[in-house]
A.B. asks: 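Input: one structure, supplied below.
FYI, side chains are in, hydrogens and waters are out, and symmetry mates aren't considered; it's all heavy atoms of this structure.
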Amino acid sequence: MVKINVSGCDSFVKEEQYKQYVDKALAAWDVLDGEQGAGNDFLGWKHLPSETPESLIADCEAIRDSWKEKGVDLVVVIGIGGSYLGARCAIEALSHNFAKQLRKKDNPEVVFAGCNLSEEYTAELMDLLAERNVGCVVISKSGTTTEPAIAFRLVKEYIDKTYKDASERIVAVTDAKKGALKTLSNQEGYKTFVVPDNVGGRFSVLTPVGLIPIVLAGFDVRAMLAGAVEMEKSLAVRDAANPAVVYAAMRNLLYSELGKKIEIMVTYNPKFQYLGEWWKQLYGESEGKDGKGIFPASVNNTADLHSMGQFIQEGERVMFETVINIENSNRTVVIGTDEQNLDQLNFLAGKNVEHCGAMAQLGTKLAHIDGGVPQMEVSVERINEYNLGSLFYFFEFACGVSAYTLGVNPFNQPGVEAYKKNMFALLGKPGYEELGAALKQRLA
């Protein structure tokens, strides 16, 4: 279960102020609970954990088993934004840090494509495909989003040329009835899974968008969903101590009353680097509109204490921190004694590395608070599927409460289309000729 501690903000906020923002967050909770707010047609994620059928998980596992029989050892997951960040977060968090170097082959390696327009990345991906036994999961509601569409055209062409059973090596996660990818899947006979109409991309990690890649990577999505179900039940209680209410209230107070415009998600385990990336999209795309929003950033300590630490400690006082606290490690490594003690570390002999990390985390907390940086802690007991599911659901629900507290629609993203129109025009896409001419004149 997720726990929250906001005592690291006590010296910055007044109790009466906090109570006012709790009331605002509870009013926002009412809007989200009543499903009457802006964007209420995109609330399918709210009860997704408890309503996911066993048959969906079984279908995911059937793909896994079928591809194992074919000897598939590389799965290319094609998607961008919410179509890949959740899956990548889960797989990075749950995998052995050195699985590739150790040549662990119990499950296929999962790589990601369609999340950039780098020619070198694409060419090197094609080099990798030539050396491996390949399956592909393509994730796109429409099938026409530029980055994943280009990647899929190239990967599909390779699979079609290389394998006689090409159609059995491609799985599409797309719209139930319409769109280019759905049409192609029907024509080619691909196994398809549905992106629910009422779940936006950044809230889709617990749909087939995330579940299929996570299953193919060898992890237990039943446990992940169980953690999310427990969180769903907990956050459904209207209470001032509700963790989502506490988080939404404090971050909005810090933003509106103290001018803290930047929230830094802080992790102390490299496995959680992509939790920060997933969280940045979730909050940036949900709150950054109407001239409002807290800018989401992330660091991974203790490494980033040696790069961003100076700025956080003594730079402009416009930020606060949300630390992801992992209470227990899954492994134990004890520091030994050295007779010469040239590194002067014998005072740590007999202690494990996690203890040193915990003291670094505590020391950093005290230093940053003394330096004017409020800090919240979001805690889980350890890194596993259950707790990751809890974290996913916690941040999704809290995002809805926080955005309604801020006064914006959490579930649209009108600004995302601006760059696309310009890109299409500059690439010469039919129908964009007039805009293309105007843009080229501006750039001349």
Side-chain angles (χ1 to χ4, degrees), residues 39 41-42 44-45 75-89 110-123 125-126 135-160 170-188 190-205 207-213 274 277-278 280-282 284-286 288-289 411-432 435-436 439:
D41 49 341
F42 283 94
W45 56 271
V75 174
V76 183
V77 175
I78 297 175
I80 195 166
S83 293
Y84 94 101
L85 281 170
R88 185 158 193 178
C89 166
V110 177
V111 298
F112 295 88
C115 43
N116 61 60
L117 286 171
S118 164
E119 189 158 14
E120 287 192 22
Y121 185 96
T122 305
L125 172 68
M126 302 312 291
C136 173
V137 178
V138 56
I139 304 167
S140 177
K141 187 78 169 172
S142 65
T144 58
T145 303
T146 306
E147 296 92 335
I150 289 173
F152 183 53
R153 177 175 285 202
L154 294 167
V155 173
K156 176 185 181 301
E157 181 181 27
Y158 173 81
I159 291 175
D160 285 343
I170 296 174
V171 170
V173 186
T174 188
D175 192 88
K177 298 177 181 178
K178 63 183 186 297
L181 183 54
K182 178 61 177 176
T183 299
L184 178 65
S185 298
N186 290 341
Q187 291 173 355
E188 299 288 333
Y190 302 152
K191 173 70 176 177
T192 61
F193 292 80
V194 174
V195 181
D197 287 335
N198 60 354
V199 179
R202 58 189 178 273
F203 289 84
S204 67
V205 62
T207 74
V209 169
L211 297 181
I212 293 170
Y274 265 86
E277 298 302 311
W278 172 81
K280 284 191 290 188
Q281 189 210 0
L282 178 64
E285 206 166 80
S286 296
K289 57 199 70 165
F411 307 113
N412 67 352
Q413 55 279 341
V416 172
E417 300 304 314
Y419 94 90
K420 293 181 181 179
K421 292 177 182 177
N422 290 346
M423 179 179 66
F424 292 154
L426 293 169
L427 286 170
K429 185 173 182 177
Y432 290 80
L435 178 59
L439 292 175

A.B. asks: Just verifying a value: how many Å separate Asp41 CG and Asn198 CG, rounded to the nearest 0.5 Å?
C.D. replies: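 Answer rounded to 0.5 Å: 8.5 Å.
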A.B. asks: Step by step, work out the side-chain contact (heavy atoms from CB on, under 4.5 Å) result for Phe112 and Val110.
C.D. replies: CA-CA 7 Å; Phe112 295 88; Val110 177; 3.9 Å; yes
A.B. asks: Should Asp175 and Leu181 count as side-chain neighbours, where that means a heavy-atom distance under 4.5 Å?
C.D. replies: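 Result no, sub-4.5 Å side-chain heavy-atom pair not found.
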A.B. asks: Give, for atom CZ of Arg88 and atom OH of Tyr274, the distance between the pair rounded to the nearest 0.5 Å.
C.D. replies: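 Rounded to the nearest 0.5 Å, the CZ-OH separation comes to 3.5 Å.
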A.B. asks: Over 60° means perpendicular and under 30° means parallel, so tell me whether Tyr432 and Phe424 are parallel, tilted or perpendicular.
C.D. replies: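 Tyr432 and Phe424: perpendicular rings.
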A.B. asks: Heavy atoms only: give me the nearest Trp278-Cys89 pair and the separation to one decimal.
C.D. replies: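 For Trp278 versus Cys89, the nearest heavy atoms are CB-CB, 4.3 Å.
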A.B. asks: Indicate yes or no for a side-chain donor-acceptor contact from Thr145 to the backbone of Pro148 under 3.5 Å, with no hydrogens or angles considered.
C.D. replies: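 Between the backbone of Pro148 and the side chain of Thr145 there is no qualifying donor-acceptor contact (under 3.5 Å).
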A.B. asks: Could you please spell out the steps behind the side-chain contact (heavy atoms from CB on, under 4.5 Å) verdict for Leu439 and Met423?
C.D. replies: CA-CA 10 Å; Leu439 292 175; Met423 179 179 66; over 6 Å; no
A.B. asks: Calculate, to the nearest 0.5 Å, the distance between atoms OG1 and NZ belonging to Thr183 and Lys177 respectively.
C.D. replies: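 With rounding to 0.5 Å, OG1 (Thr183) is 14.0 Å from NZ (Lys177).
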A.B. asks: As an exercise, state the distance from CG of Leu282 to CD of Glu277, rounded to the nearest 0.5 Å.
C.D. replies: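 Between Leu282 CG and Glu277 CD, I get 13.0 Å after rounding to 0.5 Å.
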A.B. asks: Between Ile150 and Arg153, is there a side-chain heavy-atom distance shorter than 4.5 Å?
C.D. replies: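 No, side chains not in contact.
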A.B. asks: Considering residues, nucleotides and ligands other than Lys178, do more than 12 of their heavy atoms fall under 6.0 Å from its NZ?
C.D. replies: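 At most 12 heavy atoms, drawn from other residues, nucleotides or ligands, come within 6.0 Å of this atom.
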A.B. asks: Quick check: closest heavy atoms across Ile159 and Cys136, and the distance to 0.1 Å?
C.D. replies: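 It is CD1-CB, 3.8 Å.
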A.B. asks: Can you name the nearest heavy-atom pair linking Ser118 to Thr122, along with the distance?
C.D. replies: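 Heavy atoms only, the tightest pair is O-OG1, 2.8 Å.
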A.B. asks: When you measure from the side chain of Lys141 to the backbone of Val195, do you find a donor-acceptor pair of N or O atoms at a distance under 3.5 Å?
C.D. replies: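 Yes.
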A.B. asks: Roughly how far, to the nearest 0.5 Å, is the CH2 atom of Trp45 from the CZ atom of Phe203?
C.D. replies: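 Phe203 atom CZ to Trp45 atom CH2 measures 5.5 Å (nearest 0.5 Å).
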A.B. asks: Provide the closest heavy-atom pair for Gly44 versus Val199 in the form atom of the first, atom of the second, distance.
C.D. replies: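 Closest heavy-atom pair between Gly44 and Val199: C-CG2, 3.6 Å.
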A.B. asks: Does a side-chain heavy-atom distance below 4.5 Å link Val138 with Lys156?
C.D. replies: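 Result no, sub-4.5 Å side-chain heavy-atom pair not found.
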A.B. asks: Has the side chain of Thr174 got a donor or acceptor atom that lies under 3.5 Å from a matching backbone atom of Ser140?
C.D. replies: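 Checked: pair present.
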A.B. asks: Under 3.5 Å, side chain of Gln281 to main-chain N/O of Gly82, donor-acceptor pair present?
C.D. replies: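 Indeed, once roles are kept as given, a pair shorter than 3.5 Å links the two residues.
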A.B. asks: Can you see whether Tyr419 has Lys421 sitting over its ring - NZ or CZ less than 6.0 Å from the centre and within 45° of the normal?
C.D. replies: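 Relative to the ring axis of Tyr419, which defines the angle, Lys421 lies outside at least one limit.
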A.B. asks: Quick one: which of Val77, Val76, Val75 gives a side chain to side chain contact (heavy atoms under 4.5 Å, CB included) with Val111?
C.D. replies: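 Of the listed residues Val77, Val76, Val75, the side chain to side chain contact (heavy atoms under 4.5 Å, CB included) partner of Val111 is Val76.
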A.B. asks: A side-chain contact here means heavy atoms from C-beta on lying under 4.5 Å apart; do Leu125 and Val155 qualify?
C.D. replies: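 Yes. Closest side-chain heavy atoms under 4.5 Å.
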A.B. asks: Tell me if a side-chain donor or acceptor on Lys289 pairs with a main-chain N or O of Ser286 at a distance below 3.5 Å.
C.D. replies: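 Yes; judged by distance alone, with no hydrogens or angles, the pair exists.
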A.B. asks: Hey, are the side chains of Gln413 and Arg202 touching, using non-hydrogen atoms and a 4.5 Å cut-off?
C.D. replies: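 Touching, per the 4.5 Å side-chain cut-off.
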A.B. asks: Below 4.5 Å, heavy atoms only, C-beta onward: do Val171 and Phe193 meet side chain to side chain?
C.D. replies: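 Touching, per the 4.5 Å side-chain cut-off.
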A.B. asks: On a heavy-atom basis, which atom in Ala87 and which in Val209 lie closest, and how many Å separate them?
C.D. replies: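 Smallest heavy-atom distance, with atoms named: CB-O, 4.5 Å.
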A.B. asks: Measure the spacing between CG of Asn116 and CD1 of Ile80 and express it to the nearest 0.5 Å.
C.D. replies: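 It comes to 7.5 Å.
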A.B. asks: For residues Tyr84 and Ile139, determine if any side-chain heavy atom of one lies less than 4.5 Å from a side-chain heavy atom of the other.
C.D. replies: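 The answer is no; the side chains never approach within 4.5 Å.
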A.B. asks: Do Glu188 and Ile170 come within less than 4.5 Å of each other through their side chains, counting heavy atoms only?
C.D. replies: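 In short, these two side chains do not touch, never coming nearer than 4.5 Å.
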A.B. asks: Provide the closest heavy-atom pair for Ser185 versus Thr192 in the form atom of the first, atom of the second, distance.
C.D. replies: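 Minimum heavy-atom separation between Ser185 and Thr192: CB-CG2, 3.4 Å.
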